[in-house]
S.K.: 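Questions regarding the structure given below will be posed in turn.
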Amino acid sequence: AVPAGTPAGVRAMPAARRLAKEAGIDLGKIRGSGPGGVITVSDVKKAQEERQVGKGEAR
Amino acid sequence: MSGVQGYDAVVVGSGPGGYVAALRLAQLGRRTALVERDRLGGECTNYACIPSKALLHVAKIIDYAERAAKYGLRMRVESIDVDALRKWRDGVVNSLSGGIKYLCDNYGVEVLQGEARLRGGREVEVRSSGGDSKQLRASSVILATGSTPIQLRGIEQDGELVVGSREAMQLRRIPGRLLIIGGGVVGLEAATLYSRLGSEVTIVEMMPQLLPGADQEVARYIERTLKQRGVKIMTNSKLDKLEKRSGAAVATVVTQGGSTTVEADEVLVAVGRRPSSEGLALIGLEMDERGHVKVDAGMRTNVPGVYAVGDLVGPPYLAHKAMKQGKVAAENVAGLRSEFDSLVPSVIYSDPEIAFVGLTEEEARARGQVVVGRFPLSASGRARTMDETEGFVKVIADAADGRILGIHMVGYGVSELAAEAAMSMEFMATLEDVEAVIHPHPTLSEALMEAVEAARKRSVHIFQK
Amino acid sequence: MSGVQGYDAVVVGSGPGGYVAALRLAQLGRRTALVERDRLGGECTNYACIPSKALLHVAKIIDYAERAAKYGLRMRVESIDVDALRKWRDGVVNSLSGGIKYLCDNYGVEVLQGEARLRGGREVEVRSSGGDSKQLRASSVILATGSTPIQLRGIEQDGELVVGSREAMQLRRIPGRLLIIGGGVVGLEAATLYSRLGSEVTIVEMMPQLLPGADQEVARYIERTLKQRGVKIMTNSKLDKLEKRSGAAVATVVTQGGSTTVEADEVLVAVGRRPSSEGLALIGLEMDERGHVKVDAGMRTNVPGVYAVGDLVGPPYLAHKAMKQGKVAAENVAGLRSEFDSLVPSVIYSDPEIAFVGLTEEEARARGQVVVGRFPLSASGRARTMDETEGFVKVIADAADGRILGIHMVGYGVSELAAEAAMSMEFMATLEDVEAVIHPHPTLSEALMEAVEAARKRSVHIFQK
Ligand SMILES: Cc1cc2nc3c(=O)[nH]c(=O)nc-3n(C[C@H](O)[C@H](O)[C@H](O)COP(=O)(O)OP(=O)(O)OC[C@H]3O[C@@H](n4cnc5c(N)ncnc54)[C@H](O)[C@@H]3O)c2cc1C
Ligand SMILES: Cc1cc2nc3c(=O)[nH]c(=O)nc-3n(C[C@H](O)[C@H](O)[C@H](O)COP(=O)(O)OP(=O)(O)OC[C@H]3O[C@@H](n4cnc5c(N)ncnc54)[C@H](O)[C@@H]3O)c2cc1C
């Protein structure tokens with residue numbers, strides 16, 4: 001059923017939940033751009049890119 | 001003349017825009033008056049949305065009956081008692097108009113019967129049919145005066161031989177031959193209704209397609225289907241002249257090929273509507289060139305304290321758009337922050353029905369790379385069990401990120417799928433998001449999911465290479 | 001005996017779980033065999049979902065006809081030709097079963113007719129009715145053997161006087177008096193169907209409510225409605241004894257008050273189903289105490305390479321759940337990552353229909369503070385235009401953050417609202433989110449929006465203090 005595994009209070013679309021789970025991204029740390037702050041898959045993709053950029057800079 | 005009465009808000013016009021605004025205002029504790037010169041509920045409840053759907057429902061029952069032999073039901077429509085049908089129709093309309101009165105009474109909205117005239121920003125004069133008049137003063141005024149049918153130049157509507165949508169939906173009689181000028185929503189619903197009731201129907205449409213502005217594939221599909229059912233359709237055609245000859249109308253129609261005459265026992269003029277905004281310029285309201293009152297996202301006009309909603313402020317001319325705008329205006333009047341920024345789905349109760357939301361395929365392709373998924377209702381189990389296999393669902397999405405851009409449907413029952421389509425877009429859903437939603441079996445709604453899967457080349461219920 | 005044939009995957013059972021798994025496998029380029037001992041499409045297409053809905057559609061047409069006088073349609077159902085009805089029903093079933101064959105052929109799924117037996121993890125023996133057998137070997141096996149009806153101890157089903165759901169949905173005849181044991185989904189659909197066809201129907205249910213497990217308010221509503229339509233309903237009641245006396249059945253039913261006898265010309269036993277998992281323990285599959293094969297979210301059993309989906313793995317016993325699980329299993333077999341984690345909406349085609357998703361009001365209240373919004377269909381304009389005003393939509397949300405926890409509906413057409421309800425929950429919507437979606441007017445789907453507004457005490461179409 002829905003949000004097993006989604007942190008309490010976090011709302012995310014199905015595709016966003018799947019991608020976050022696969023990429024090991026914590027939905028609780030993403031700000032959603034969908035209605036009422038729902039996290040969309042593009043929000044997760046953006047977080048994924050930022051994380052990669054962040055890693056690059058750290059190196 | 002009685003003294004000036006003060007209100008927090010006065011709403012002019014009790015159609016879906018106005019009555020909803022007034023009720024929401026009362027819910028928010030505002031002292032509210034609702035002024036209506038005709039019947040509570042406006043065009044929609046009394047002459048348009050509701051009576052048309054009631055009559056179309058009965059027309060559909062005739063269709064079921066006519067096909068029932070196929071299922072082993074020996075049944076016959078012996079006759080149609082137009083008086084009884086009209087009486088039932090009236091009952092439905094009256095109960096809903098009465099329901100609005102009940103809600104106004106209970107929520108404490110004061111209903112004033114009469115013609116409202118704005119005198120300066122927030123003063124409203126109400127003149128009853130009896131001739132006496134009242135002066136109202138309010139902190140805010142919401143205008144919801146709706147729209148009226150466009151008349152064709154040089155064609156007199158006598159309400160008998162040449163009629164408008166109101167008369168058509170009153171069902172005064174079933175004409176032998178009905179000529180419909182205009183292949184928009186009203187024309188298609190009237191064609192569906194009267195052809196079912198036994199009229200020979202001809203539609204004349206000026207543009208190259210029915211439902212100008214709608215997705216072309218949808219428009220072509222409904223054109224073909226109506227033709228198969230015996231409705232004559234002339235697109236790229238224009239009514240040139242209308243003569244009365246011994247009780248019948250003789251129309252001269254100019255087509256691409258030349259000019260033809262069409263004889264009819266009734267002519268329905270359904271060429272569109274225009275805003276009921278006469279006199280509003282007097283108080284300094286800004287309007288567009290077609291007479292729509294200009295508003296911002298909060299439904300505010302340029303005159304402080306004056307709001308406008310519904311058909312009056314522009315297309316789409318749809319009741320649910322008017323209702324939403326009525327709520328937004330009321331909330332802003334009451335000091336809440338509210339904006340009208342939702343997608344407006346369209347629903348047309350032809351048979352098969354039509355429903356859509358978002359961009360057409362043409363519009364979407366003009367903007368960028370898209371993927372398109374189609375699912376025919378002939379492949380739907382639910383459609384088969386109801387012997388209603390005409391039509392399809394089409395989903396258009398952004399090729400790059402899968403965001404849904406538009407959903408277009410033709411078919412039995414698709415009116416009830418429009419809310420889900422609108423919800424998916426309101427949530428900015430991607431194809432994958434919708435695919436994740438389990439759609440119950442067997443339902444027509446599965447076709448929406450299958451079209452979404454088809455756009456990803458993975459519908460299992462149609463063969464895709 | 002022919003030689004061993006190798007596949008990427010062998011799917012056992014061609015119901016919604018199995019055929020969908022096989023087609024998805026083929027779409028993903030896997031060499032796939034689908035084994036079926038009976039008809040393609042499984043229980044659902046051939047004996048359950050599809051024939052029941054086809055018959056119920058025709059039953060609904062009878063209802064329309066019987067009420068049509070009210071709308072001025074003089075129409076009569078002169079007779080029901082059961083042979084013709086059955087023939088049409090067969091046509092619908094055959095076309096859909098044939099459609100699955102078409103899809104298998106085109107996608108390249110090899111359909112093998114016969115009884116499959118697992119011999120060790122990934123070896124499958126297929127024995128045709130003719131007696132010859134084939135050996136298959138596959139990297140992966142998907143089990144989708146479905147379920148079979150539970151028989152009542154000591155009650156012999158002769159297929160004539162005492163029947164199961166298959167016979168009931170075959171419509172061999174219209175019994176004068178039909179006794180239905182079990183007030184679940186199958187019982188309610190059969191009661192709706194046969195009472196419309198003219199049978200006198202009695203339902204005996206052991207539990208205190210119909211549809212055990214469903215929201216109590218919904219269960220009570222459908223009980224009351226069916227009773228008003230003349231269906232006799234005995235809850236808290238148990239069939240104790242069934243005797244045959246001169247062609248009729250005499251049932252002794254133990255109720256709370258004591259014991260009664262019910263006479264019937266046909267008895268339908270619809271007391272639930274159990275997984276078709278005989279013999280699977282032999283290959284070491286773990287099962288629960290009721291015989292369901294245990295699976296993880298990827299539909300993997302404890303035996304490597306063996307997957308299971310559908311009724312076989314546990315409730316809810318619903319076709320769309322089986323289909324989704326079939327896709328998930330197929331995707332995992334093909335090396336994609338896929339999980340079954342969606343909400344499963346329920347749909348029941350009684351009249352009025354029932355649809356729900358998420359927590360019942362009782363379940364939700366047991367977990368925390370909730371708000372509940374209800375909207376009666378008598379206040380729906382669309383319902384009025386169709387003269388179908390029975391029922392309601394109920395929305396349950398978290399009182400703290402407005403998250404929707406459950407949606408329960410009874411009423412005409414609510415089956416088509418279930419997908420939107422499921423979508424709202426799958427998208428983790430709050431009341432406010434759903435309210436922002438414009439629902440077209442006039443549709444039944446508006447009732448869902450109004451119930452959402454009612455939960456926030458701001459539906460304008462009902463009076464709320
Ligand atoms: C045949 C037909 C079928 C339709 N079917 C549908 C449908 O199925 N779904 C849908 O969404 N839309 C439908 N529409 C469109 C829908 O009717 C309109 O969009 C809707 O009525 C607009 O609502 P409104 O509140 O803006 O104004 P209206 O409903 O037009 O109401 C305006 C009201 O204001 C009153 N008024 C005007 N001026 C004054 C004044 N000076 N003083 C006092 N009162 C005044 C009028 O008497 C009227 O009652 C249909 C239209 C037609 C013609
Ligand atoms: C009267 C009735 C009405 C219903 N209506 C609905 C409805 O409207 N909506 C809904 O969602 N659900 C409905 N259901 C439930 C639905 O039918 C089941 O949930 C669904 O069929 C389960 O699908 P499945 O793939 O698990 O198995 P099934 O459909 O049961 O298919 C299993 C198949 O496997 C075959 N099989 C089994 N063992 C072997 C073997 N050893 N070798 C070869 N083949 C084998 C069987 O012959 C069968 O064809 C209804 C059920 C009934 C009884």
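Chain letters run A, B, ... following the sequence lines, proteins first, then strands; residues in each count from 1.
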S.K.: Can you tell me which of Ala16(A), Gly34(A), Pro14(A) forms the most heavy-atom pairs within a distance under 4.5 Å of chain C?
M.R.: Pro14(A)
S.K.: Could you tell me whether Glu432(C) atom CD has more than 12 heavy atoms of other residues or ligands within 6.0 Å of it?
M.R.: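 For Glu432(C), atom CD is not crowded (no more than 12 foreign heavy atoms under 6.0 Å).
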S.K.: Considering residues at least two apart in sequence or located in another chain, which fulfil the salt bridge (Lys or Arg N to Asp or Glu O under 4.0 Å) criterion with Asp401(C)?
M.R.: none
S.K.: To the nearest 0.5 Å, what is the distance between CZ on Arg18(A) and CG on Asp341(C)?
M.R.: 10.5 Å
S.K.: Got a sec, which residues hit salt bridge (Lys or Arg N to Asp or Glu O under 4.0 Å) with Lys457(C), two or more places apart in sequence or on another chain?
M.R.: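 By the salt bridge (Lys or Arg N to Asp or Glu O under 4.0 Å) rule, Lys457(C) matches no residue at all.
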S.K.: Check Glu339(C) with Arg17(A), please: is the shortest side-chain N to carboxylate O separation under 4.0 Å?
M.R.: no
S.K.: Report yes if the side chains of Arg11(A) and Arg403(C) come closer than 4.5 Å at any heavy-atom pair, otherwise no.
M.R.: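 With C-beta onward as the side chain, the pair touches.
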